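Step one of this worksheet: look at the structure below.
In this text the structure is predicted, and so the values were computed from the model without any measurement.
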Amino acid sequence: MATLKDIARALDLSITQVSRALNDHSDVSEDTRQRIKDAAQAMNYHPNASARKLVSGRSGMVGLVVPQHRDIGQDGIFLEVVAGLSAQFSGRGMQFVLHIMAENEPAIPVYQKLIGKALLDGFVLIDPQDQDPRIDFLARTGIAFVVHGRSGRAPGYPYFDIENEQLAYGLTAHVAARGHRRIAYLNGTSGRCYVTRREQGYHRALRDSGAEDLPHLHLNGEMDEATGLTATIRLFTGDAPRPTAIVCGNVRLARGVYQALSALNLAVPGDVSVVAHDDELPSLRASAFFPALTVTRAPLRDSWEPLADCLAGAIAGKPLAELQRIGSFAFIERNSVADAPGIQSASNR
């Protein structure tokens with residue numbers, strides 16, 4: 001394994017220049033810094049964490065703290081998160097540390113313990129709540145962090161997010177424009193930031209289109225296939241008015257919806273129109289549904305690079321305005337939406 005001295009000798013530079021470049025000091029030109037980093041990578045240089053901490057005040061290590069749950073090893077989204085973030089931080093010469101808490105373990109004492117050891121430069125926070133104690137705690141400590149999502153209208157911390165309110169508005173407005181007036185929304189667990197924003201978009205689209213806002217048509221739960229199936233069965237049993245369109249928070253919910261509608265002998269889109277948001281998970285393609293599913297699309301994998309950029313920037317002391325980013329989403333119309341039964345849509349008038 002190469003040392004600082006080996007890199008300095010190979011580039012005919014001083015050890016101090018090499019060290020300061022690898023630690024992103026501003027007195028090293030961008031060309032020199034990149035040349036040194038390229039050489040370090042080619043020579044398989046890995047800094048000793050303790051020595052790095054002494055020289056720069058930073059360990060080069062960042063953490064993700066998540067709660068344990070029964071199926072964590074089979075959770076495709078969790079594995080996507082860990083693999084994506086790990087690759088991005090590794091590409092920046094940083095080490096990504098995963099800490100899994102015990103089931104039902106309070107989060108704040110875990111962060112206190114990790115910060116007290118002074119081994120981590122910052123944290124990535126995922127799945128934030130509307131009033132998230134982790135955000136408040138980390139902001140008070142002054143340690144760098146970035147959030148995948150945001151709460152409130154003007155958050156004072158680094159984040160990467162997509163326009164969840166607008167995508168829910170767009171999906172709901174799309175089926176409303178086809179004449180649907182009883183539109184169900186299968187959303188995530190209440191209290192999560194993205195869930196709250198999507199709920200706001202859904203209700204705003206109902207108001208703007210004149211569609212009925214019926215509380216029994218907005219259901220919250222886990223974003224999985226089983227929830228999609230059971231929620232759909234619930235919507236189509238009993239005496240309450242039944243929806244003619246269903247908006248799903250993700251494609252896994254939509255797959256459960258398709259299964260339930262098939263079991264109920266209801267056709268998509270002839271009897272019920274279905275749309276969803278698509279995170280583009282590798283194992284589940286909306287285009288492969290039958291009929292193919294109309295979606296808003298924002299691949300989850302597109303989150304990892306901006307999250308790593310924002311956390312690295314926060315550690316380096318960059319201005320907050322450079323550390324708050326909003327990603328885009330696309331609307332893809334396929335074959336899962338039809339005009340509401342007996343109603344002429346705006347598109348055909």
Side-chain angles (χ1 to χ4, degrees), residues 167-190 195 198-199 201-203 205-206 208-281 283-297 331-349:
L167 71 84
Y169 180 93
L171 288 170
T172 308
H174 177 70
V175 292
R178 300 294 295 269
H180 294 275
R181 290 297 176 263
R182 294 195 305 277
I183 304 168
Y185 198 104
L186 304 189
N187 208 343
T189 304
S190 294
V195 172
R198 291 182 184 183
E199 180 178 351
Y202 165 68
H203 288 301
L206 294 181
D208 288 353
S209 65
E212 298 181 76
D213 195 341
L214 302 173
H216 77 280
L217 295 183
H218 181 226
L219 300 178
N220 296 91
E222 293 300 321
M223 305 275 277
D224 56 28
E225 188 174 332
T227 300
L229 190 152
T230 56
T232 304
I233 298 295
R234 178 179 167 185
L235 288 168
F236 286 89
T237 55
D239 298 327
R242 299 177 179 184
T244 62
I246 302 175
V247 181
C248 301
N250 72 1
V251 175
R252 295 198 297 180
L253 283 167
R255 183 158 66 176
V257 170
Y258 269 52
Q259 291 175 348
L261 292 174
S262 177
L264 293 166
N265 292 317
L266 295 171
V268 178
D271 296 310
V272 183
S273 292
V274 183
V275 295
H277 177 62
D278 185 9
D279 295 305
E280 205 171 84
L281 301 175
S283 59
L284 195 56
R285 293 186 297 116
S287 60
F289 279 51
F290 185 78
L293 185 62
T294 292
V295 296
T296 50
R297 174 183 170 275
F331 178 78
I332 302 173
E333 186 172 5
R334 297 193 178 105
N335 302 319
S336 62
V337 178
D339 294 348
I343 300 176
Q344 186 180 28
S345 74
S347 61
N348 290 329
R349 287 174 189 163

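Within the 4.5 Å cutoff, side-chain heavy atoms of His180 are placed close to those of Ser273. Counting only heavy atoms from C-beta outward, the side chains of Leu186 and Thr227 never approach each other to under 4.5 Å. The side-chain heavy atoms of Leu167 and Arg198, taken from C-beta on, include a pair separated by under 4.5 Å. Within the 4.5 Å cutoff, no side-chain heavy atoms of Phe290 are placed close to those of Val268. For the pair Arg242/Leu235, no side-chain contact is recorded, criterion being any heavy-atom separation below 4.5 Å from C-beta on. Residues Val251 and Leu281 have side chains not in contact (no heavy-atom distance under 4.5 Å, counting atoms from C-beta outward). At least one side-chain heavy atom of Tyr169 sits less than 4.5 Å from a side-chain heavy atom of Asp208. For the pair His216/Pro241, a side-chain contact is recorded, criterion being any heavy-atom separation below 4.5 Å from C-beta on.
Contact detail for Cys248 and Ala254: the closest heavy-atom pair is SG-CA, 3.7 Å. The shortest heavy-atom contact between Arg334 and Ala286 is NH1-CB, 3.5 Å. In this structure, Phe331 and Glu333 approach most closely via the heavy-atom pair CE2-CB, 3.8 Å. Between Ile183 and Thr172, the closest heavy-atom pair is CD1-O, 3.9 Å. In plain terms, the two heavy atoms of Pro291 and Ser336 that are nearest each other are CG-CA, 4.3 Å. Counting all heavy atoms, side chain and backbone alike, Ala260 lies closest to Leu229 at CB-O, 3.6 Å.
Atoms CG and CZ, on Leu219 and Arg234 in that order, are 5.0 Å from each other to the nearest 0.5 Å. In this structure, the separation between CD1 on Ile246 and CG on Leu261 is 5.0 Å, given to the nearest 0.5 Å. Between the OG atom in Ser283 and the CZ atom in Arg252 there is a gap of 8.0 Å [rounded to 0.5 Å]. For the atom pair Asp213 CG and Leu206 CG, the distance stands at 5.0 Å (nearest 0.5 Å). A distance of 8.5 Å separates OG1 in Thr189 from CE in Met223, rounded to the nearest 0.5 Å. Here Leu266 contributes atom CG and Thr244 contributes atom OG1; the two are 11.5 Å apart, rounded to the nearest 0.5 Å.
When atom types are taken as modelled, the side chain of Arg297 and the backbone of His277 share no donor-acceptor pair closer than 3.5 angstrom. A donor-acceptor distance shorter than 3.5 angstrom exists from the side chain of Asn220 to the backbone of Gly188, with no hydrogens or angles considered.
By the side chain to side chain donor-acceptor pair (under 3.5 Å) test, Asp271 is found to be paired with no residue, residues two or more places apart in sequence or in another chain being considered. Scored by the side chain to side chain donor-acceptor pair (under 3.5 Å) test, Arg182 finds no partners at all (sequence neighbours excluded). Every residue meeting the ring pair (Phe, Tyr, Trp, His ring centres under 6.0 Å) condition with Tyr202, not counting sequence neighbours, appears here in chain and number order: Tyr185, His218. Legend: residues meeting side chain to side chain donor-acceptor pair (under 3.5 Å) with Asn250, ordered by chain and number and at least two apart, are absent. Remark: Glu212 engages no residue in a salt bridge (Lys or Arg N to Asp or Glu O under 4.0 Å) (not counting sequence neighbours). For Asn335, there are no side chain to side chain donor-acceptor pair (under 3.5 Å) partners, not counting sequence neighbours.
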Worksheet entry | Residues Thr294, His174; criterion side chain to side chain donor-acceptor pair (under 3.5 Å); working and verdict | CA-CA 10 Å; Thr294 292; His174 177 70; 5.0 Å; no
Practice prompt. Report the C-alpha distance between Asp278 and Leu293 in whole Å, list the side-chain angles of each, state the deciding distance to 0.1 Å, and finish with yes or no for side-chain contact (heavy atoms from CB on, under 4.5 Å).
Written response: CA-CA 9 Å; Asp278 185 9; Leu293 185 62; over 6 Å; no
